[in-house]
Amino acid sequence: MGLRLKSDVIVIGAGAAGMMCAIRAGQRSRSVVVLDHAKLPGEKIRISGGGRCNFTNIHAGPKTFLSANPHFCKSALARFTPADFIAMVDRHGIAWHEKSLGQLFCDNSAKDIIRMLLDEMRAAGVQLRLQTEMLTVEKDSDGFRVRTSDGEYECASLVVATGGKSIPKMGATGFAYRIAELFGLALVETRPGLVPLTLDPVLLESIAPLSGISAPSEIRHGKTGFREALLFTHRGLSGPAILQISSYWREGDEIAIDIEPDVDLLLHLKKAKQANGRQSAQTALGEILPKRLAQYLTERQAISGNMADLSDKGLIRLCDAVQNWKIKPSGSEGYRTAEVTLGGVDTAGLDSRTMQAKSVPGLYFIGECVDVTGWLGGYNFQWAWASGFAAGESL
Ligand code: FDA
C-alpha cells in the first residue's frame with residue numbers, strides 16, 4: 001500500500017463546497033487534505049454561468065431552496081451570506097456585475113473563482129490531491145480511514161462534498177449517497193432538477209416549427225410560478241422559466257404557460273379588432289408574440305379569418321391559449337443535462353449548524369449531495385459556500 005497520511009480533516013470532492021470547507025478549516029489551523037478523482041478542481045465552477053460563474057444571488061434565502069425540511073438551510077445561510085462571498089471575491093480583485101434578478105457573475109471568467117479558491121486553500125495550508133480514486137471508507141475508534149488509488153489516508157473528520165448525479169460526463173458519481181448509506185444515514189429520493197422538459201412525440205412534432213423561439217413567460221406548477229424566458233427547442237421546452245419549474249414538476253403533472261404575462265392581451269386584441277377589423281388574428285397576435293408562435297397558437301385554436309369576425313368568446317379562447325396554455329411534459333432530459341440533483345442526504349440525519357451526521361461523529365455532508373437544492377440563478381453555489389463554511393467552522 002502507498003503513502004499513509006494522517007490529517008485532522010479529509011474533504012472528498014474539490015468542488016465549490018469542498019474547497020470552501022477546506023479553506024475555513026485550514027484557516028482554523030486544522031491540517032486538511034482534499035481528495036478528488038478529477039484531473040482539475042472545480043470543474044462545475046468552470047462551466048457554470050456560461051463560463052462566467054453565477055457565483056451567488058443577493059436574494060438567497062430559505063425560500064429560494066427546496067428541501068424536505070425547508071428550515072434546515074437557514075442556519076448555514078445566515079452564517080455565510082452572499083455579502084461574505086462578495087467580500088472574498090472583492091479581496092481577490094475579481095470584477096463582477098449583477099446581470100438580473102440578483103444574479104452575480106464574473107466580468108471575465110469563472111476561472112477567476114477557481115483561482116481564488118485555490119489561492120485561499122494554499123494560504124490556509126490545505127493539501128490538494130487530484131486524480132485519486134476512492135476505494136473504501138471505514139471508521140474505527142481513531143477516526144476515518146480512506147483507502148484510495150494513491151494509498152491510505154486517515155483523519156479525525158471526514159467531509160463528503162462529492163456533489164450530486166448531474167452531468168455524469170463530468171465525473172458525477174453518486175458517491176456521497178453510497179457513503180451516507182454505508183453509515184446508516186437516510187436518503188431523500190434523488191431526481192434531476194433545473195432541467196429541460198421533454199414532450200410526447202405528437203406534441204413535439206407539432207411545436208417543431210417553434211424551435212429556437214424564446215418568449216418572456218410565467219410558467220406555473222400548482223401555486224409556484226416563475227417569470228423568466230421560455231425557450232422552445234427541438235427536444236421540448238427549456239429556458240430559465242422551465243428549468244426553474246422543472247424542480248417542482250413531477251412525472252404526470254401539468255404545467256401552465258403564460259406567454260407575455262405582463263401584457264393585457266384581451267385588451268390588445270379588442271383594440272386591434274376595433275382599429276383594423278380586416279386584419280387576421282394571427283397578424284394582431286404577431287404584434288405581441290414572435291410571428292411563428294402567433295401562427296402556431298391561432299392555428300391550434302382553428303382561428304382564421306378577420307378580427308372583425310371573431311366574437312368576444314373567440315378572443316377569450318385565443319387569450320387562454322396564449323396565457324393559460326396547459327401542457328403535460330412527458331419527462332425531463334435527466335441527469336445528462338440537469339444543473340442540479342434534487343433530494344440526497346436526508347437533512348433529518350444532519351446537524352443544521354455544522355452539517356455533521358448526528359449518528360456518526362466526525363462525518364460531514366455538504367453542498368449538492370445534501371437534500372437542499374436552490375433555484376436557478378446563483379443559489380446553488382451560495383448553498384455550497386454556506387454549507388462548506390458551516391462544516392469548516394466546526395470540524
Ligand atoms: P461539485 O459537483 O461542484 O463538486 C463535486 C466534486 O467531487 C467534483 O470535483 C468531483 O470531481 C468530485 N467527485 C465526485 N465524485 C467523486 C468520487 N467518487 N471520488 C472523488 N471525487 C469525486 N450553480 C450556481 O449557483 N450558479 C451557476 O451559474 C451554475 N451553473 C451551472 C451550470 C452547469 C452546466 C451545471 C451542471 C451546474 C451549474 N450550477 C450552478 C450548479 C452548481 O454547479 C452546483 O450546485 C455546485 O457545483 C455544487 O457544488 P458541490 O461542491 O456540492 O459539488
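These numbers were taken from a predicted model, which means no experiment stands behind them. Each ligand, and each atom within it, is numbered from 1 in the order the structure gives. Only heavy atoms go into these numbers, but all of them, side chains included; no hydrogens, no water, no symmetry mates.
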query = Side chain or backbone of Tyr379 under 4.0 Å from ligand 1, or both, or neither, by non-hydrogen atoms?
reply = backbone
ask   = Does Phe389 offer a backbone N or O that forms a donor-acceptor pair with the side chain of Trp385 under 3.5 Å?
value = no
query = What's the shortest distance from atom 4 (O) of ligand 1 to any protein heavy atom, and which residue and atom give it?
reply = Gly15 CA, 3.3 Å
ask   = For ligand 1, which atoms, with element, lie under 4.0 Å from some heavy atom of Asn380?
value = 23 (N), 25 (O), 45 (O)
ask   = Between Phe55 and Phe85, what is the ring plane arrangement, given parallel below 30°, perpendicular above 60°, and tilted in between?
value = tilted
ask   = Closest non-hydrogen protein atom to atom 15 (N) of ligand 1, residue and atom name please, with distance?
value = Thr173 OG1, 2.8 Å
query = What do you reckon, does Ser166 put a non-hydrogen atom under 4.0 Å from ligand 1?
reply = no
query = Between Ile47, Ile12, Asp36, which one has a non-hydrogen atom sitting closest to atom 6 (C) of ligand 1?
reply = Asp36
message = Give me the nearest non-hydrogen protein atom to atom 51 (O) of ligand 1 as residue plus atom name, then the distance to 0.1 Å.
response = Ala17 N, 2.9 Å
ask   = Do the side chain of Glu260 and the main chain of Val322 share a donor and acceptor less than 3.5 angstrom apart?
value = no
ask   = Any N or O of Ala16 that comes nearer than 3.5 Å to an N or O of ligand 1?
value = yes
task = Would you mind telling me if ligand 1 is within reach of the side chain of Asn54, the backbone, both or neither, using heavy atoms under 4.0 Å?
result = both
Heteroatom proximity flag, Gly49 to ligand 1, N/O under 3.5 Å = yes
ask   = Is the count of non-hydrogen atoms from other residues, nucleotides or ligands lying under 6.0 Å from Lys139 atom NZ greater than 12?
value = yes
inquiry  = Taking Ser75's backbone N and O only, do any of them form a donor-acceptor pair with Arg353's side chain (distance below 3.5 Å, no angle check)?
reply    = no
ask   = Just by distance, do the side chain of Thr81 and the backbone of Ala78 share a donor-acceptor pair under 3.5 Å?
value = no
inquiry  = Please classify the Ser48 to ligand 1 contact at 4.0 Å (heavy-atom distances, strictly less than): side chain, backbone, both or neither.
reply    = both
query = Considering only the protein, which heavy-atom contact is closest to atom 36 (C) of ligand 1, and what is its distance?
reply = Ile167 CG1, 3.5 Å
note = Nearest non-hydrogen contact to atom 45 (O) of ligand 1 from the set Met19, Lys39, Gln103, Glu368 belongs to Glu368
Taking atom 20 (C) of ligand 1 as the reference point, the nearest protein heavy atom with its distance = His37 N, 3.3 Å
Nearest protein heavy atom with distance in Å, relative to atom 14 (C) of ligand 1 = Thr162 O, 3.4 Å
key: Check: Trp375 main-chain N/O paired with Thr64 side-chain donor or acceptor under 3.5 Å   = no
key: Within-cut-off N or O pair, Gly42 and ligand 1, under 3.5 Å   = no
ask   = Considering only heavy atoms, does Ala161 approach ligand 1 within less than 4.0 Å through its side chain, its backbone, both, or neither?
value = backbone
request  = Could you tell me whether the side chain of Asp346 and the main chain of Gly349 form a donor-acceptor pair under 3.5 Å?
outcome  = no
request  = Report, as yes or no, whether the 6.0 Å neighbourhood of atom NZ on Lys271 holds more than 12 heavy atoms from other residues, nucleotides or ligands.
outcome  = no
message = Can you confirm whether Arg91 is buried at CZ, in the sense that more than 12 heavy atoms of other residues, nucleotides or ligands lie under 6.0 Å from that atom?
response = yes
query = Would you say Ser246's side chain and Leu194's backbone share a donor-acceptor pair under 3.5 angstrom?
reply = yes
inquiry  = If I apply the N/O under 3.5 Å rule, does Phe381 come out as touching ligand 1?
reply    = yes
inquiry  = I need the contact type for Met134 against ligand 1. Using non-hydrogen atoms and a strict under-4.0 Å cut-off, is it side chain, backbone, both or neither?
reply    = side chain
task = Would you please classify the geometry between the Tyr248 ring and the Phe226 ring as parallel, tilted or perpendicular, with 30° and 60° separating the classes?
result = tilted
key: Closest protein heavy atom (residue, atom, distance) for atom 41 (C) of ligand 1   = Glu339 O, 3.7 Å
